[in-house]
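Written below as structure tokens is the structure these notes are about.
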Number of protein chains: 2
Amino acid sequence: MYYQLSPTEQNYIKQIYTLSDGNHQNVLTSDLAAAIKIKAATATDMLSRLSDKKLVDYEKYYGARLTDKGKQVALNIIRKHRLWEVFLSVKLGFSWDEVHEMAEELEHATNDELSNRLEQFLGNPKTDPHGDPIPNRKGEIEKQKTIRLSETGQDDTVEIRSVEDQNPALLKFLSKHKLTPGARLLVKEINQYDRSLEIKVNNKKVLQLSRDVAENLWIIRVK
Amino acid sequence: MYYQLSPTEQNYIKQIYTLSDGNHQNVLTSDLAAAIKIKAATATDMLSRLSDKKLVDYEKYYGARLTDKGKQVALNIIRKHRLWEVFLSVKLGFSWDEVHEMAEELEHATNDELSNRLEQFLGNPKTDPHGDPIPNRKGEIEKQKTIRLSETGQDDTVEIRSVEDQNPALLKFLSKHKLTPGARLLVKEINQYDRSLEIKVNNKKVLQLSRDVAENLWIIRVK
DNA sequence: AATAAAATTTAGATTCGTCTAAAAATTTAA
DNA sequence: TTAAATTTTTAGACGAATCTAAATTTTATT
């Protein structure tokens, strides 16, 4: 019961959690393999090992889902990941699009006592720099009802919560135009022919956003 | 030339550096094995692999010593280790004897950009909480001419620089009596029969230290 | 519904870091 | 200086995490 999980195992579990959207759907071998950048055969192998350890429910050919035990592991890693992201961005001044990779390494070098102290040192932040909520030490996470920017209507005022795609080019683009979590957006116009959006950012600059970009921005409606 | 070293390899290199006392002597297979807590056969194996990679000069049966390349690797890891120790102790409030293990993990999850920013964030500290100097980003380390407390004479005033033994019980004892780096000690008396020392700590409490403990405290003479 | 295409699993191989047991070399002691 | 004790190395094995290639199962298409 109380053996240590390897960083590799923890990574698989974290990815399964993310891909299952908080454990609401089964994760397919191929999707998992793509996310972790390993071959499908390897994912199959690991899935059956995680299944032996009761961390996932896995049915051959139909994918996997985390058990309660697995979900706790996932949320604990995600907690550490996001706390480090806050540290790197707020205390060390790394930009929003640089922190992910580093946090990926640090999270596995972090025991619970360390993450708890770090949280306190950071002033108990509620979200990471991408706007995603940080699970508390019991593994509870605040559920946000977000929608994609592409799903808003004209004249809506919204606030960016998180970004879906981790593509560096996209993150750079967003960073450049201040399209970061917390940013306020006014949707001025929606073009019917290509579904692009004209938006005003933080009550200042007006921008044209492609449908593609809008699909990747998760937002909440404001007011 | 530019492949990544594994955390394991980095650990071996760091230990070789430490055991060779800054590369002044050959490190024997058995000492290395004891320090890393692996079997001698494993150490032999790794030594020949590190030799293939030109990180150590290794001669069968006579031990190993770091090459210049290996020494750079060692100092870079030690730099990261000690910066994290400062962070954990100064910013997160961990005690002096708790930080080593955690820093051991974090050092391998740290790229150069991160250690540089961390250093700046910490206000460019010169030493870690144990009093050991932190190598700069070029891998240069301040050489201190320290001696063991057991080598001082009566009435000397000295300052603790570092502790040799990493034994937790010893660290706790030292911590309890404020025998930490930076502490000022006045050697009041040296008992000839058991070579124990009577010392005054920070101009306050008077203590009796066994020869064993005195052997483990590295100090510099003051004034 | 049969077959072609795609996804998944199985089988077998490889590398890293470790072990134990046995062989070889060095050091110590009689 | 020879024999005994100790240290080191070699040989062979193993588990974790990965791969490729082949076999199997599921899904899609005609």
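To find a chain, count down the sequence lines: A is the first, B the second, and so on, and within it residues start at 1. Hydrogens, waters and symmetry mates play no part in the numbers below; they use all other heavy atoms, side chains included.
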Within residues 27-42 of chain A, those residues having any heavy atom closer than 4.0 Å to DNA chain D are A:Ile38, A:Lys39, A:Ala41, A:Thr42

Please confirm whether the shortest side-chain N or O distance from B:Tyr61 to OP1 or OP2 of D:dT6 is below 4.0 Å. no

Keeping the roles fixed (side chain from A:Ser51, backbone from A:Leu47), state whether a donor-acceptor pair exists under 3.5 Å. no

Taking any heavy-atom pair under 4.0 Å as a contact, classify B:Ser48: base, sugar-phosphate, or nothing. nothing

Subject >> Flag side-chain contact, heavy atom, 4.5 Å: B:Leu114 against A:Leu88 >> reply: yes

- Are OP1 or OP2 of C:dA7 and a side-chain N or O of A:Tyr62 less than 4.0 angstrom apart? no

Listed pairs, N/O of protein and of nucleotides 12-14 of chain C, under 3.5 Å:
none

Atom CD1 of A:Ile13 and atom C1' of D:dA17 are separated, to the nearest Å, by 15 Å

Whole-Å distance, B:Met46 CE to D:dT8 P, equals 17 Å

Check this one for me: any side-chain N or O of A:Tyr12 less than 4.0 Å away from OP1 or OP2 of D:dT18? yes

Does OP1 or OP2 of D:dA17 have a side-chain N or O of A:Arg49 closer than 4.0 Å? yes

Is the Lys NZ or Arg CZ of B:Lys91 less than 6.0 Å from the centre of B:Phe121's six-membered ring, within 45° of the axis?
yes

